[in-house]
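Here is how names work: the chains are called A, B, and so on, in the same order as the sequence lines, proteins then strands, and each is numbered from 1. Computed from heavy atoms alone, side chains included, the values below leave out hydrogens, waters and symmetry copies. Every value quoted in this text rests on a predicted model; they were computed, and no experiment measured them.
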There are 2 protein chains.
Amino acid sequence: MSDDLAARLREQGLRLTPQRELILRAVEELRHATPDEVLAHVRSQVSSVNASTVYRTLEVLEELGLVRHTHLSDRAPTYHSTREHEHVHVVCRGCHSVRSYDPALVQSLVAALGEDGFSVDVGHLAIFGTCADCSAAAASPEPT
Amino acid sequence: MSDDLAARLREQGLRLTPQRELILRAVEELRHATPDEVLAHVRSQVSSVNASTVYRTLEVLEELGLVRHTHLSDRAPTYHSTREHEHVHVVCRGCHSVRSYDPALVQSLVAALGEDGFSVDVGHLAIFGTCADCSAAAASPEPT
DNA sequence: GTGAATGCAAAGTATTTGCAGTCAG
DNA sequence: CTGACTGCAAATACTTTGCATTCAC
């Protein structure tokens with residue numbers, strides 16, 4: 001698993017450190033996590049890991065193509081592993097639920113922009129809106 | 001124009017102030033502006049307007065439905081007027097150019113999610129990727 | 001006159017940076 | 001050994017908040 005990590009780091013003349021392994025593993029385990037959440041998770045296993053290390057490492061991992069980030073809220077970005085299948089995020093602003101969809105969802109969009117020579121970063125895509133439950137809730141303020 | 005503003009404010013028992021007019025006008029003139037840019041623009045006309053007023057006002061204007069925001073960078077949000085036709089933002093990560101597209105671009109996506117009862121906030125949508133020019137530039141580092 | 005809105009300054013959150021010590025290779 | 005990496009603390013960017021004053025109505 002972090003074999004991949006070691007290899008890619010070496011290619012770039014970078015070093016494999018326990019922090020980098022832990023942070024990558026945290027992203028993989030948490031599925032969708034903000035830098036803060038990653039930090040908390042890593043700290044729950046090994047004390048003393050610093051926030052700046054998390055930021056710096058996430059940046060490195062993203063450059064290596066091992067993680068990706070997207071913006072699932074107006075606040076901090078969330079990171080996920082690229083070992084998962086690429087997916088599109090659909091976020092409900094009412095209940096903050098996040099659902100993942102197959103990239104096929106946006107294929108016509110990708111094709112349309114592709115004709116203009118624009119290549120869409122599907123993994124970064126976050127689609128905001130309101131889910132069925134929350135629409136219903138908004139319609140009837142006092143549910144039975 | 002800001003007739004609309006006066007009316008909507010009154011509906012809510014809110015007040016029409018010069019700052020609110022100026023900030024709304026700034027958003028309309030700048031097309032896509034961060035709170036900072038709005039502040040700078042307003043200040044170029046009238047000195048002493050405060051950053052907190054800009055934040056508070058953008059929030060009010062958004063509640064009134066007169067402006068919308070979207071995230072066109074990893075940094076500050078950008079606001080635009082709802083008097084423009086609703087549009088989808090397509091952002092190149094290479095040159096940071098922003099192009100606006102007709103919502104038709106994402107209609108199949110909206111329809112597909114609609115079947116699940118999910119209603120997409122099209123105006124908030126930002127699609128990231130790489131434009132033709134930047135792909136070309138990446139391919140040939142040293143252009144002739 | 002009265003309460004909504006503003007300006008100011010201080011606090012808060014998220015992230016970045018400089019630097020000295022540490023550790024991977 | 002050497003330079004990449006880390007932790008720490010300070011700095012930065014962005015945004016929010018409390019409060020006294022001002023101004024729209």
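- Closest to the side chain of B/R56, from the set D/dG18, D/dC25, D/dA4, is D/dG18.
- The nearest whole Å value for the distance from the CG atom in B/L39 to the C1' atom in D/dC14 is 12 Å.
- In the set D/dC25, C/dA5, C/dG7, the nucleotide with an atom closest to the side chain of B/Q19 is C/dG7.
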Dump the pairs, protein N or O against N or O of nucleotides 13-16 of chain C, anything under 3.5 Å, distances to one decimal.
residue : atom : partner : partner atom : Å
C/dT15  : OP2  : A/Y55   : OH           : 2.6
C/dT15  : O5'  : A/Y55   : OH           : 3.4

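- A/E63 is listed as a side-chain neighbour of A/E59, based on a closest heavy-atom distance under 4.5 Å.
- What separates CD1 of A/I23 from P of D/dC5 is a distance of 12 Å, to the nearest Å.
- The distance between atom CD of B/E37 and atom P of D/dT15, rounded to the nearest whole Å, is 11 Å.
- At a threshold of 4.0 Å, the pair B/E86-B/R68 does not count as salt-bridged, since none of the basic side-chain nitrogens sits closer than that to a carboxylate oxygen.
- Rounded to the nearest 0.5 angstrom, B/R83 CZ and B/D4 CG are separated by 6.5 Å.
- Within the structure, every side-chain polar atom (N or O) of A/T17 is placed at least 4.0 Å from both OP1 and OP2 of D/dC5.
- Looking at A/I127 and A/V91, their side chains never come closer than 4.5 Å, going by heavy atoms from C-beta outward.
- In this structure, CD of A/E21 is placed 11 Å from P of D/dT6, rounded to the nearest angstrom.
- Summarising the geometry, the separation between CZ on B/R20 and C1' on D/dC25 is reported as 13 Å, rounded to the nearest angstrom.
- The main-chain N or O of B/V49 is never found under 3.5 Å from a side-chain atom of B/T53 such that the two would form a donor-acceptor pair.
- Note on ring orientation: taking the six-membered ring where Trp is involved, the planes of A/H80 and A/H87 are tilted (angle from 30° to 60°).
- With a 4.5 Å cut-off on side-chain heavy atoms, A/V106 and A/V120 do not count as touching.
- As rounded to whole Å, 13 Å separates atom P of D/dA24 from atom CG of B/L9.
- For the pair A/L5 CG and C/dA24 P, the interatomic distance rounds to 14 Å; values are reported in whole Å.
- The side chain of B/R15 approaches C/dG3 more closely than any other nucleotide in the set C/dA24, C/dG3, D/dT6.
- Between A/R43 and A/L14, it is A/L14 whose nearest contact on DNA chain D lies nearer the 5' terminus.
- In this structure, B/H89 has its ring center no closer than 6.0 Å to that of B/H71.
- Take the nearest nucleotide of DNA chain D for B/P18 and for B/N50: the residue whose nucleotide is more 5' is B/N50.
- Looking only at distances, a side-chain donor or acceptor of B/T82 sits under 3.5 Å from a matching main-chain atom of B/L66.
- Summary for the helix from C/dG1-D/dC25 to C/dG25-D/dC1: the axes at its two ends, each from 5 pairs, differ by 30° when rounded to the nearest 10 degrees.
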